[in-house]
Undergrad: 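Take a look at the following structure, please.
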Amino acid sequence: MKEQIVLERLTGLIAFARAGTLGSFTAAARSLSVSPSAVSKSVQRLEQRLGVSLFTRTTRSLTLTAEGRDLHERALRLLRDAEEIEQAAKAARSEPSGTLRVAASLPIGVHVIAPALPGFRRLYPKVSVDLRLNDRMVDLIEEGIDVAVRIGELADSRLLSRRLAPHRLCCFASPAYLAARGTPVHPDGLDGHDTVSLRFQSTGQTLRWPFRIGERLVEVVPPSGIVVDVSDALVAALAAGGGIGIAATFIAAPYVARGGLIPVLSDFAVERHTITALWPESRRTNPAVRAFLDHLQKEFQDRMAAARFPG
């Protein structure tokens with residue numbers, strides 16, 4: 001009976017800590033793979049036991065009270081200690097097993113990680129993978145993520161990291177568009193062409209098109225009649241004759257393979273080294289994390305090599 005009471009209290013603290021970090025019962029429930037009502041009830045029982053209100057609730061927001069803020073920091077420390085104990089216990093098992101929570105941006109998740117998962121599970125059938133795709137910069141520690149894969153320079157002293165593979169940014173257009181409007185042979189030749197550009201969801205900024213001209217790296221933002229905020233939408237618009245656009249070669253590769261897109265200005269394509277896997281220090285010795293990172297690095301290297309077009 002006493003053990004059950006302790007378990008209920010821990011459940012309430014976990015629900016409270018996640019809700020306080022993420023700002024809603026729904027988001028906390030999603031991260032814990034339970035229902036929002038279960039999170040809400042756990043927090044209510046915790047409040048009743050403590051005799052204080054931990055949240056100020058309205059129909060639109062959930063904010064910590066003064067007492068809630070103090071307890072939230074304590075709860076997070078407790079959960080981190082518990083998580084480290086759990087990870088140490090898992091590391092004692094030599095065979096990778098358990099659930100692996102992976103976060104990634106949409107294009108990387110769709111084009112590289114998702115296709116790699118069946119092969120990974122054939123090698124490690126005792127590991128189940130929970131893949132979460134969005135362009136929001138998730139907090140791995142607070143949201144219980146084991147591995148995140150992102151494009152860009154990411155700095156977090158609490159995280160370990162590994163560069164996965166370089167990728168190339170190149171211009172593309174459909175054969176029909178180029179037949180009608182001609183093919184530029186230099187970035188200066190983009191003037192007068194229809195273009196499609198990418199806007200980052202995380203910042204709202206438009207991607208600056210990089211070109212390697214001799215020893216110089218030049219970046220331009222051409223005026224675009226079409227601006228999208230998802231890379232897959234960009235290459236789909238290009239394949240439909242929307243003009244010239246720039247994208248990572250691994251995203252455009254399927255269209256190139258079936259003749260829907262043609263590389264343009266490939267002599268000026270730029271290579272980036274900014275695809276990085278990140279994981280918390282507490283996962284350092286987790287066998288499933290180590291196995292997944294090794295598998296992912298090989299998958300990235302193979303796919304990026306296959307997507308290298310001439311130039």
Undergrad: Only counting residues at least two apart or in another chain, list the ones meeting side chain to side chain donor-acceptor pair (under 3.5 Å) with Ser33.
TA: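 Partners of Ser33 by the side chain to side chain donor-acceptor pair (under 3.5 Å) criterion come out as none, since no residue qualifies.
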
Undergrad: Regarding Ser197 and Thr206, do their side chains bring together a donor and an acceptor under 3.5 Å, going by distance alone?
TA: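 Judged by distance alone, the side chains do not pair up.
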
Undergrad: Given the rule in the side chain to side chain contact (heavy atoms under 4.5 Å, CB included) test, do Ile108 and Phe250 qualify, once you have shown the distances and angles that lead to the verdict?
TA: CA-CA 9 Å; Ile108 291 176; Phe250 71 89; 4.2 Å; yes

Undergrad: If you define the side chain from C-beta out and look only at heavy atoms, does anything of Val110 sit under 4.5 Å from Leu133?
TA: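 Side-chain contact under 4.5 Å: yes.
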
Undergrad: Nearest heavy-atom pair of Leu265 and Pro184: which atoms, and what distance?
TA: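 Closest approach of Leu265 to Pro184, heavy atoms only: CD2-O, 3.5 Å.
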
Undergrad: Ala28 and Ala15: which non-hydrogen atoms are nearest, and at how many Å?
TA: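 Closest approach of Ala28 to Ala15: CB-O, 4.5 Å.
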
Undergrad: Distance alone, cut at 3.5 Å: any donor-acceptor contact between the side chains of Thr99 and Ser128?
TA: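 Short answer, yes.
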
Undergrad: Where do Leu169 and Phe268 land on the side chain to side chain contact (heavy atoms under 4.5 Å, CB included) test, with the steps shown first?
TA: CA-CA 9 Å; Leu169 293 174; Phe268 305 92; over 6 Å; no

Undergrad: Between atom CG of Leu238 and atom CD1 of Ile244, what is the distance when rounded to the nearest 0.5 Å?
TA: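 Here the interatomic distance stands at 9.0 Å.
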
Undergrad: State, yes or no, whether a side-chain contact exists between Thr276 and Leu164 at a heavy-atom distance under 4.5 Å.
TA: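 A side-chain contact under 4.5 Å is absent here.
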
Undergrad: Under a 4.0 Å threshold between the charged nitrogen and the carboxylate oxygen, would Glu47 count as salt-bridged to Lys41?
TA: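 The answer is no: the pair does not qualify as a salt bridge.
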
Undergrad: I want to check something: taking the side chain as every heavy atom from C-beta on, are Leu64 and Phe16 in contact at a cut-off of under 4.5 Å?
TA: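 Yes, close enough: below the 4.5 Å cut-off.
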
Undergrad: Are His167 and Phe300 close enough, and set up right, to give a ring-ring contact (aromatic ring centres under 6.0 Å, His included), and what steps lead you there?
TA: CA-CA 9 Å; His167 66 286; Phe300 265 82; 9.2 Å; no

Undergrad: Can you name the residues that form a side chain to side chain donor-acceptor pair (under 3.5 Å) with Arg132, not counting sequence neighbours?
TA: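 Asp130.
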
Undergrad: Taking only distance into account, with no hydrogens and no angle test, what donor-acceptor pairs under 3.5 Å do side-chain atoms of residues 211-219 form with protein atoms, sequence neighbours excluded?
TA:
| unit_1 | atom_1 | unit_2 | atom_2 | d |
| --- | --- | --- | --- | --- |
| Glu219 | OE1 | Arg208 | NE | 3.4 |

Undergrad: Is it possible for you to say whether Phe172 and Val221 belong to one hydrophobic cluster, with membership spreading through side-chain heavy-atom contacts below 4.5 Å?
TA: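 No: no chain of side-chain contacts under 4.5 Å links Phe172 to Val221.
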
Undergrad: Evaluate the side-chain proximity of Val227 to Ser224: yes if any heavy-atom separation is below 4.5 Å, no if none is.
TA: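 SC-SC contact between Ser224 and Val227 confirmed.
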
Undergrad: Are Pro222 and Trp209 close enough that some pair of their side-chain heavy atoms sits under 4.5 Å apart?
TA: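 SC-SC contact between Pro222 and Trp209 confirmed.
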
Undergrad: Is there a side-chain contact between His72 and Thr21 (heavy atoms, below 4.5 Å)?
TA: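 Yes, at least one pair of side-chain atoms sits under 4.5 Å.
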
Undergrad: Would you find a donor on one side and an acceptor on the other, under 3.5 Å apart, between the side chain of Arg290 and the backbone of Thr285?
TA: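 Judged by distance alone, yes, a pair lies under 3.5 Å.
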
Undergrad: Check whether Ser42 reaches the backbone of Ala38 with its side chain - one donor and one acceptor, N or O, closer than 3.5 Å.
TA: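 It does hold such a pair.
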
Undergrad: For Gly20 and Phe55, work out which heavy atoms get closest and say how close.
TA: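 Closest approach of Gly20 to Phe55, heavy atoms only: N-CZ, 3.7 Å.
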
Undergrad: Using the rule that Ile, Leu, Val, Met, Phe, Trp and Tyr join whenever any side-chain heavy atoms are under 4.5 Å apart, tell me whether Val52 and Leu76 fall into a single cluster.
TA: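 Result: no, two separate clusters.
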
Undergrad: Specify the closest pair of heavy atoms between Pro175 and Gly259, including all atoms of both residues, with the distance to one decimal.
TA: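 Answer, listing the atom of Pro175 first, then Gly259: CG-O, 3.4 Å.
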
Undergrad: Which residue pairs pass the salt bridge (Lys or Arg N to Asp or Glu O under 4.0 Å) test with at least one member in residues 220-246, sequence neighbours excluded?
TA: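 As it turns out, there is no salt bridge (Lys or Arg N to Asp or Glu O under 4.0 Å) pair with a partner in residues 220-246 once direct neighbours are skipped.
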
Undergrad: With side chain to side chain contact (heavy atoms under 4.5 Å, CB included) as the test, would you mind laying out the steps for Arg168 and Arg272 before giving the verdict?
TA: CA-CA 6 Å; Arg168 298 181 82 221; Arg272 299 289 200 200; over 6 Å; no

Undergrad: Are Val270 and Ile246 connected in the hydrophobic side-chain network, where two residues link if heavy atoms are under 4.5 Å apart?
TA: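 No, Val270 and Ile246 fall in different hydrophobic clusters.
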
Undergrad: Output the distance between atom CG (Leu234) and atom CG (Leu207), rounded to the nearest 0.5 Å.
TA: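 So the CG of Leu234 and the CG of Leu207 are separated by 9.0 Å.
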
Undergrad: Let me confirm one number: the CD-CZ distance from Glu281 to Arg283, rounded to the nearest 0.5 Å.
TA: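 So the gap between those two atoms works out to 11.0 Å.
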
Undergrad: For a quick test of reading the model, state the closest non-hydrogen atom pair linking Gly243 to Ala173 and the distance between them.
TA: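 Heavy atoms only, the tightest pair is O-CB, 3.4 Å.
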
Undergrad: Using atom types as modelled, flag every donor-acceptor pair under 3.5 Å from a side chain in residues 112-122 to any protein atom, sequence neighbours excluded.
TA:
| unit_1 | atom_1 | unit_2 | atom_2 | d |
| --- | --- | --- | --- | --- |
| Arg121 | NE | Val127 | O | 2.8 |
| Arg121 | NH2 | Pro125 | O | 2.9 |

Undergrad: Could you walk me through whether Asp294 and Lys298 satisfy the salt bridge (charged side-chain N to carboxylate O under 4.0 Å, His left out) test, starting with their C-alpha distance in whole Å, then the side-chain angles of each, then the deciding distance to 0.1 Å, before giving a yes or no?
TA: CA-CA 6 Å; Asp294 290 342; Lys298 183 179 185 307; over 6 Å; no

Undergrad: Would Gln205 and Arg199 count as having a side-chain donor-acceptor pair, cut-off 3.5 Å?
TA: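 No, no side-chain donor-acceptor contact under 3.5 Å.
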
Undergrad: Measuring only between side-chain heavy atoms, which start at C-beta, is Val185 closer than 4.5 Å to Asp267?
TA: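 The answer is no, as the side chains (C-beta and beyond) never meet within the 4.5 Å cut-off.
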
Undergrad: Look at the side chain of Thr195 and the backbone N and O of Pro223, then say whether any donor-acceptor pair between them is shorter than 3.5 Å.
TA: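 Side chain of Thr195 to backbone of Pro223: a pair is present.
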
Undergrad: For Glu67 and Leu54, indicate whether the former's side chain and the latter's backbone hold a donor-acceptor pair under 3.5 Å.
TA: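 Checked: no pair found.
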
Undergrad: Under 3.5 Å, is there a donor on one side chain and an acceptor on the other for Ser231 and His111?
TA: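 No.
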
Undergrad: Hey, could you give me the CG/CG distance between Leu50 and Leu71, rounded to the nearest 0.5 Å?
TA: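 Those atoms lie 6.0 Å apart.
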
Undergrad: Quick check, are the ring centers of Tyr124 and Phe292 under 6.0 angstrom apart?
TA: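 Centroid distance Tyr124-Phe292: not below 6.0 Å, so no.
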
Undergrad: Working to the nearest 0.5 Å, report the span between OG of Ser161 and CG of Leu293.
TA: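 It is 10.5 Å, given to the nearest 0.5 Å.
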
Undergrad: Decide yes or no for Val256 and Ile262: does some side-chain heavy atom of the first lie under 4.5 Å from some side-chain heavy atom of the second?
TA: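 A side-chain contact is absent here, since even the closest heavy-atom pair is not under 4.5 Å.
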
Undergrad: Between Leu22 and Ala27, what is the shortest heavy-atom contact and its length?
TA: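 Looking at all heavy atoms of both residues, the shortest contact is CD1-O, 3.4 Å.
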
Undergrad: If we ignore hydrogens and angles and just use 3.5 Å, is the side chain of Gln297 paired with the main-chain N or O of Arg163 as donor and acceptor?
TA: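 Side chain of Gln297 to backbone of Arg163: a pair is present.
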
Undergrad: Could you give the distance from CD1 (Ile251) to SG (Cys170), rounded to the nearest 0.5 Å?
TA: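 Answer rounded to 0.5 Å: 12.5 Å.
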
Undergrad: Tell me, which pairs form a salt bridge (Lys or Arg N to Asp or Glu O under 4.0 Å) where one or both residues lie in residues 176-195, sequence neighbours left out?
TA: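 Every salt bridge (Lys or Arg N to Asp or Glu O under 4.0 Å) pair that includes a residue of residues 176-195, provided the two are not neighbours, is Arg181-Asp194.
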
Undergrad: Quick one: does Asp146's side chain have a donor or acceptor within less than 3.5 Å of a partner on Val102's backbone?
TA: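 Not a single qualifying donor-acceptor pair exists.
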
Undergrad: Classify the side-chain pair Ser37/Ser35 by whether it contains a donor and acceptor separated by less than 3.5 Å.
TA: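 Ser35 and Ser37 do have a side-chain donor-acceptor pair below 3.5 Å.
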
Undergrad: Between Tyr177 and His193, how do the two ring planes meet: parallel, tilted or perpendicular, split at 30° and 60°?
TA: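 Geometry flag for His193 against Tyr177: tilted rings.
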
